[in-house]
Amino acid sequence: MTTSPAVPTDADILGTLREALAELLEPADLAQVDLDSIGPTTPLLSLPLDSITLVAAMTRVENEFKVFIPEQKAFGFQQVGDIADFVRERVQAKAARAAK
């Protein structure tokens, strides 16, 4: 019997996203953001992200949680919680397929 992957929590996903932003953002951009205050309702447009940084952050999330986030989907997220919801849905779907 294969163990299904644990479904990540908002805290897990937000932690990964915060780490990615801490590494990816330029110091001047990072100075504009309180990483600890980023939560599920934080609008992505409120963060100093350009398209390259967004894709790099999504890649970090993909690698951490072993999911694929289509680029067009990544650019459609409105809030940080949208990312968490999508990742959780993908992990749950993968677990359901593995259980069959």
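Note that the structure is a prediction, hence the values are computed from the model and not measured. All residue numbers refer to positions in the sequence shown, counting from 1.
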Of the non-hydrogen atoms in Ala22 and Leu30, which two are nearest, and what is the gap between them? O-CD2, 3.8 Å

Kindly compute the distance separating OG1 (Thr53) from CE (Met58), expressed to the nearest 0.5 Å. 11.0 Å

With side chain to side chain contact (heavy atoms under 4.5 Å, CB included) as the criterion, how do Leu21 and Val33 come out once you've worked through the C-alpha distance, each side chain's angles and the decisive distance to 0.1 Å? CA-CA 9 Å; Leu21 293 175; Val33 180; 5.5 Å; no

Where is the tightest heavy-atom contact between Arg60 and Glu23, given as atom of each residue plus distance? NH2-OE1, 2.9 Å

For a quick test of reading the model, state the closest non-hydrogen atom pair linking Arg18 to Asp36 and the distance between them. NH2-O, 3.7 Å

Gln32 and Pro48: which non-hydrogen atoms are nearest, and at how many Å? OE1-CB, 4.4 Å

Where do Ile83 and Leu44 land on the side chain to side chain contact (heavy atoms under 4.5 Å, CB included) test, with the steps shown first? CA-CA 10 Å; Ile83 300 167; Leu44 283 174; 4.1 Å; yes

Check for me, please, whether Val80 and Phe77 land in the same ILVMFWY cluster - side-chain distances under 4.5 Å, paths through other members count. yes

Starting at CG of Asp10, measure out to CG of Leu14 and round the result to the nearest 0.5 Å. 5.5 Å

In one Ile/Leu/Val/Met/Phe/Trp/Tyr side-chain cluster, 4.5 Å: Val61, Leu24: no

Quick one, Glu64 and Glu19 - any side-chain contact, counting heavy atoms below 4.5 Å? no

Validation row: Ile13, Arg88 side chains within 4.5 angstrom (heavy atoms): yes

Atom pair CD1 (Ile38) and CG (Leu17), whose distance is rounded to the nearest 0.5 Å: 6.0 Å

Trace of the side chain to side chain contact (heavy atoms under 4.5 Å, CB included) decision for Ile69 with Val87: CA-CA 8 Å; Ile69 302 171; Val87 169; 4.3 Å; yes

For Ala74 and Leu54, the nearest pair of non-hydrogen atoms, with its separation, is O-CD2, 3.8 Å

Exercise: identify the closest heavy-atom pair between Phe75 and Val55: CZ-CG2, 3.8 Å

Answer yes or no: is there a donor N or O on one side and an acceptor on the other, between the side chain of Asp82 and the main chain of Gln78, under 3.5 Å? yes

Mind running side chain to side chain contact (heavy atoms under 4.5 Å, CB included) on Val67 and Phe86 for me, showing each step along the way? CA-CA 9 Å; Val67 297; Phe86 183 82; 5.7 Å; no

